[in-house]
Amino acid sequence: MHHAVSAPHDAQRLSVGEAIAAYTRDAAYAEFTEDDKGTLEPGKLADAVVLDADPFAEPESMADIDVEITVVDGDISYGDPA
């Protein structure tokens, strides 16, 4: 997503919100799985990440953001919930 937000030319860049949508909701739509994933809603797979920084705050530093916790199907698969 860093490259999508930090493309060399303004016309090539996505906003942080557009990049997140492209990698989540829009990707699920492209693979015909939007009924199961792509957004956080009741009845869908509970896949999500907790980041150590806000990508909206400093988009140019998105490459330096680390994943603190990964949740797959509602269960923590990476990280310490404490």
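Just so it is clear, the values below take in all heavy atoms, side chains as well, and ignore hydrogens, waters and symmetry mates. Model, not experiment: these values are computed from the prediction.
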Original post:
How close do Ile65 and Pro55 get, heavy atom to heavy atom, and via which atoms?
Top reply: CD1-CA, 3.6 Å
Distance-only criterion, 3.5 Å: show the donor-acceptor pairs between side-chain atoms of residues 10-19 and protein atoms not counting sequence neighbours.
from, atom 1, to, atom 2, distance (Å)
Asp10, OD1, Arg13, NH1, 2.3
Gln12, OE1, His9, N, 3.2
Arg13, NE, Ala7, O, 2.6
Arg13, NH2, Ala7, O, 3.1
Arg13, NH2, Pro8, O, 3.4
Ser15, OG, Glu18, N, 3.0
Ser15, OG, Glu18, OE1, 3.3
Glu18, OE1, Ser15, N, 2.7

**OP:** May I ask you to check whether over 12 heavy atoms, not counting those of Lys44, lie within 6.0 Å of atom NZ?
**Re:** yes
Could you give the side-chain donor-acceptor pairs of residues 71-82 under 3.5 Å, partners two or more places apart or in another chain?
from, atom 1, to, atom 2, distance (Å)
Ser77, OG, Thr70, O, 3.4
Asp80, OD1, Ala82, N, 3.1

Original post:
Counting only N and O atoms by type, is there a donor-acceptor contact under 3.5 Å from the side chain of Asp66 to the main-chain atoms of Asp52?
Top reply: no
**OP:** Could you tell me whether Arg25 and Glu41 make a salt bridge, using a distance below 4.0 angstrom between a side-chain N and a carboxylate O?
**Re:** no
**OP:** Spell out, yes or no, whether Phe56 and Tyr23 are grouped together once hydrophobic residues are joined by side-chain heavy atoms under 4.5 Å, including indirect joins.
**Re:** yes
Subject >> Distance in Å, Thr39 OG1 paired with Asp26 CG, rounded so as to fall on 0.5 Å steps >> reply: 11.0 Å
Subject >> Rounded distance (nearest 0.5 Å) linking atom CG of Leu51 with atom CE of Met62 >> reply: 8.5 Å
Original post:
Listed by chain and number, what are the side chain to side chain contact (heavy atoms under 4.5 Å, CB included) partners of Tyr29, not counting sequence neighbours?
Top reply: Glu34
